[in-house]
2 protein chains.
Amino acid sequence: MYSRRVDTAERLIESTRELLWERGYIGTSPKSILARAGAGQGSMYHHFKGKADLARIAIDRTARELRAEVDRLFAGPGTAVERITAYLRRERDVLKGCPIGGLTQDSDVIADPELRRPIEETFQCLRDSLAGVLTEGRDNGEFDPSLDPTDTASTIVAVLQGGYVLARGANDAAQFDHAVTGILALLDHARVRQ
Amino acid sequence: MYSRRVDTAERLIESTRELLWERGYIGTSPKSILARAGAGQGSMYHHFKGKADLARIAIDRTARELRAEVDRLFAGPGTAVERITAYLRRERDVLKGCPIGGLTQDSDVIADPELRRPIEETFQCLRDSLAGVLTEGRDNGEFDPSLDPTDTASTIVAVLQGGYVLARGANDAAQFDHAVTGILALLDHARVRQ
DNA sequence: GTCTATATACAGATAGAC
DNA sequence: GTCTATCTGTATATAGAC
């Protein structure tokens with residue numbers, strides 16, 4: 001039987017995940033991680049090689065969680081438009097930004113292939129899921145045959161990520177919603193009418 | 001007659017602009033600014049109150065430049081789609097990211113109204129320009145009357161900002177182009193055919 | 001495993017000489 | 001106006017006691 005108390009390594013990883021989301025990689029110090037986890041220097045360097053190692057594990061976990069949620073949401077029922085709408089309109093803390101997309105602005109993350117890879121894989125996963133749904137929709141007559149599923153999927157992911165950027169820039173979550181409303185309206189124009 | 005040699009304050013501002021673009025606000029130290037400008041501590045604190053003051057002036061200038069270019073590009077001739085295409089396809093160093101949009105990920109920037117304001121104003125300016133062009137296009141019959149110019153403008157700015165995010169995440173500028181191609185195709189579906 | 005002590009370098013700013 | 005010296009605190013990591 002495992003201890004009911006969450007162990008120190010686990011608390012360090014979770015604290016790192018929160019801080020990476022709030023402050024980015026450059027802005028997250030080992031000291032702040034230790035303070036949040038309630039641990040001492042020794043614990044961190046016992047369980048992990050250092051800041052980069054801990055960050056890699058934290059980012060990996062966040063990316064895996066996001067991909068799992070994408071898989072779950074797109075596996076559901078509904079037309080292409082319905083599933084895309086559900087994904088774009090799903091509840092989220094817009095002003096916190098995307099825990100994965102936000103890291104792309106961090107030059108130390110982008111420069112380190114170990115840190116960047118989970119980000120790339122997450123975008124790839126999301127794009128693939130969207131492209132799959134769009135292809136389905138096109139092939140069963142929901143969309144105009146001229147619609148390109150992969151380019152359109154890229155556009156939808158970009159609207160999502162750009163929506164976070166606009167919202168944070170204006171300190172107003174509604175900016176995200178406007179961008180989503182706009183892309184859904186445009187997608188509607190690409191639908192085949194009977 | 002002014003000295004031909006660019007003065008120290010000017011070099012400090014330009015160095016700060018570059019570093020903010022490359023490393024963000026948190027990641028830019030006074031030391032790195034001084035090294036790039038070839039100046040000593042004393043010069044910086046003589047001309048500016050400190051890092052935040054210098055950053056504010058640098059961000060203001062970058063934002064103003066961007067807005068001026070937006071005004072210039074949208075004042076040109078052409079249909080709505082042509083002008084929007086020209087803006088989205090204009091040459092840019094995609095992998096460096098947007099010098100304004102990238103700052104939205106920086107929590108210290110977003111938390112300081114003085115630093116955030118020029119970002120908000122720049123997005124507002126871009127959205128207004130796009131909305132103006134889209135309204136024109138809708139009113140002269142280029143677009144379907146059901147097209148909402150302001151939501152669509154938000155979407156286009158989001159695609160732009162999100163395109164940078166995707167490109168940096170994949171370390172591949174083509175990701176930006178895919179997203180742009182997708183939104184232009186969707187806009188085409190909203191056009192009125194004769 | 002976890003703690004505290006310690007080490008080197010840098011962040012960010014001030015003081016005062018020239 | 002610009003420089004160097006100096007200051008307090010933090011970043012990141014290692015050492016070694018318990």
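Reminder, nothing fancy here: chain letters follow the sequence lines and each chain counts from 1. These numbers come from a predicted model, not from an experiment.
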Q) If we ignore angles and hydrogens, is there a donor and acceptor under 3.5 Å between the side chains of A/Arg23 and A/Thr28? A) no
Q.
Do B/Arg92 and B/Tyr87 form a cation-pi contact, if we require the NZ or CZ to be under 6.0 Å from the six-membered ring centre and within 45 degrees of the ring's axis?
A. yes
Q) Could you run down nucleotides 4-18 of chain D 5' to 3' and tag each one B, S or - for protein heavy-atom contact under 4.0 Å? A) B-----SSSBB----
Q.
Regarding A/Asp60 and A/Thr62, do their side chains bring together a donor and an acceptor under 3.5 Å, going by distance alone?
A. no
**Q.** Main-chain N/O of B/Ala131 paired to B/Thr135 side chain as donor or acceptor, under 3.5 Å
**A.** yes
**Q.** Nearest-Å distance for atom pair NE2/P, residues B/His47 and C/dA13
**A.** 17 Å
Q: May I ask you to check whether A/Arg127 and B/Gln175 show a side-chain donor-acceptor distance below 3.5 Å?
A: yes
Q) Are side-chain N/O atoms of A/Thr155 and A/Thr152 paired as donor and acceptor at under 3.5 Å? A) no
Q: Would you please say whether a donor-acceptor pair under 3.5 Å links the side chains of A/Asn140 and A/Glu136?
A: no
Q) Which dot-bracket string fits DNA chain C when only Watson-Crick or G-U wobble pairs with both atom distances under 3.5 Å count, crossing pairs get [ ], and | stands for a partner on a different strand? A) ||||||||||||||||||
Q: Please confirm whether the backbone N or O of B/Tyr25 pairs with a side-chain atom of B/Asp106, one donor and one acceptor, at under 3.5 Å?
A: yes
**Q.** Phosphate OP1/OP2 of C/dG1 contacted by A/Thr8 side-chain N/O (<4.0 Å)
**A.** no
Q) Rounded to the Å, how far apart are B/His46 NE2 and C/dA15 P? A) 16 Å
**Q.** Distance in angstrom units between B/Asp53 CG and C/dG12 P, rounded
**A.** 15 Å
